[in-house]
Protein chains: 2
Amino acid sequence: MVEQIAHLDAVFHALADPTRRAMLGQLAKRELTVGELATPFSMSLAGASKHVRVLENAGLVTRTIRGRTHLCRLEAARLAEANAWLRRYQHFWTAKLDTLESLLRAEDLAKVKKLKE
Amino acid sequence: MVEQIAHLDAVFHALADPTRRAMLGQLAKRELTVGELATPFSMSLAGASKHVRVLENAGLVTRTIRGRTHLCRLEAARLAEANAWLRRYQHFWTAKLDTLESLLRAEDLAKVKKLKE
DNA sequence: CCTATACTTAACTACATGGTTGAGCAAATC
DNA sequence: GATTTGCTCAACCATGTAGTTAAGTATAGG
C-alpha cells in the first residue's frame, strides 16, 4: 500500500515523456521487440533502449528475452494504480460522471458492487 | 488536441513528485495559501513555492493573489486529460470495468451519450 | 567459423530538477 | 514609519535525465 506511493513516482515519471507514452501505445496493439519499439523514433537504439528500461523499472512493461531479441509486453497493473489515484479527483472535473455513478447506484447497487470487487 | 500532448508531459511530470501529489490532496479539501501548502513538509518556503509553481505551470492549480497571500485552487481539467489518456488502456487491467461499460450500453445508450457530451 | 544482428553497457555532454540560502518587495500590523 | 509577514526571485549545488557514440556480448545465419 505504502509502496504504491513509490510506484506512482516511477509510473508518472515514465508517463511524462511522449516517446514512452507512444511506446506504450504501440504495446497496446501487440508485443514488440526493443528494436521494433525503437524504429518509429529518430533516436539511436541505445536511446530507445533506455526508455524501455524506464518503462520496465516503472513496472509498465515486462521483457521476455528470447534468443537475442527482447520481447516487450504492456503490464497494465501500474497504470491501474495511477488511474486509481486520479479517480480520487474525478468528481472535481465532472459532475456528469457523478451523475452516471448515481444512475448506476439507483439502477442496481448490488450488481455494481459485484463488478467493483 | 495536439497541445494536450504537451499538457500530458507537464501534468504527468507534476504528478511524479510525492510532495506535489500531497499538495493536490490538500487542495482537494479546500483552497490553501502557499504558506499553508508548505507547512506540512520539512522544506523551506521557497522550495514549496517552487512545487506550487510546477503545479501551476502544469495547469493543475490556479492562484489568486489577495494582498500578500497567494490562494491556490485545484484545477481539475488537466487531471481529466491525464485520466482520459489512461482510460485508453483501461481494458488491459480490468475486464470488470469493460463489463460495466457494456452494461451501460445495453441499458440506455442514448442516456449515456448525453452524459458524456 | 565468420559475420551480421539485436541488444546492453559505459562514458560522455547538455540540460532539467529539487533542494538550499539570502536578498528583495509589497502588504499587514504595531 | 518601522517591523513583521507572505511570498518571489536569483544564485548556487548535487543529482538526475535524455540523448549521443563506441565498445562489448550473445545469438542467428551464411
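Treat the numbers as computed from the prediction; the structure is a model and nothing was measured. Numbered from 1 within each chain, the chains take letters A, B, ... in sequence-line order.
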Which whole-number value in Å describes the distance from [X] [atom1] to [N] [atom2]?
| X | N | atom1 | atom2 | result |
| --- | --- | --- | --- | --- |
| R66(B) | dC7(D) | CZ | P | 12 Å |
| L55(B) | dT17(C) | CG | C1' | 14 Å |
| R68(A) | dT27(D) | CZ | C1' | 6 Å |
| L71(B) | dC7(D) | CG | C1' | 13 Å |
| E36(B) | dT5(D) | CD | C1' | 14 Å |

A side-chain contact here means heavy atoms from C-beta on lying under 4.5 Å apart; do [X] and [Y] qualify?
| X | Y | value |
| --- | --- | --- |
| Q90(A) | N83(B) | yes |
| L24(A) | W85(B) | yes |
| C72(B) | L27(B) | yes |
| F12(B) | D17(A) | no |
| H51(A) | F41(A) | no |
| L79(B) | L60(B) | yes |

On the nucleotide dA27(C), are OP1 or OP2 found under 4.0 Å from the side-chain N or O atoms that T69(B) carries? no

Scoring nucleotides 9-21 of chain D by protein non-hydrogen atoms under 4.0 Å (B base, S sugar-phosphate only, - none) yields B-------SBBBB

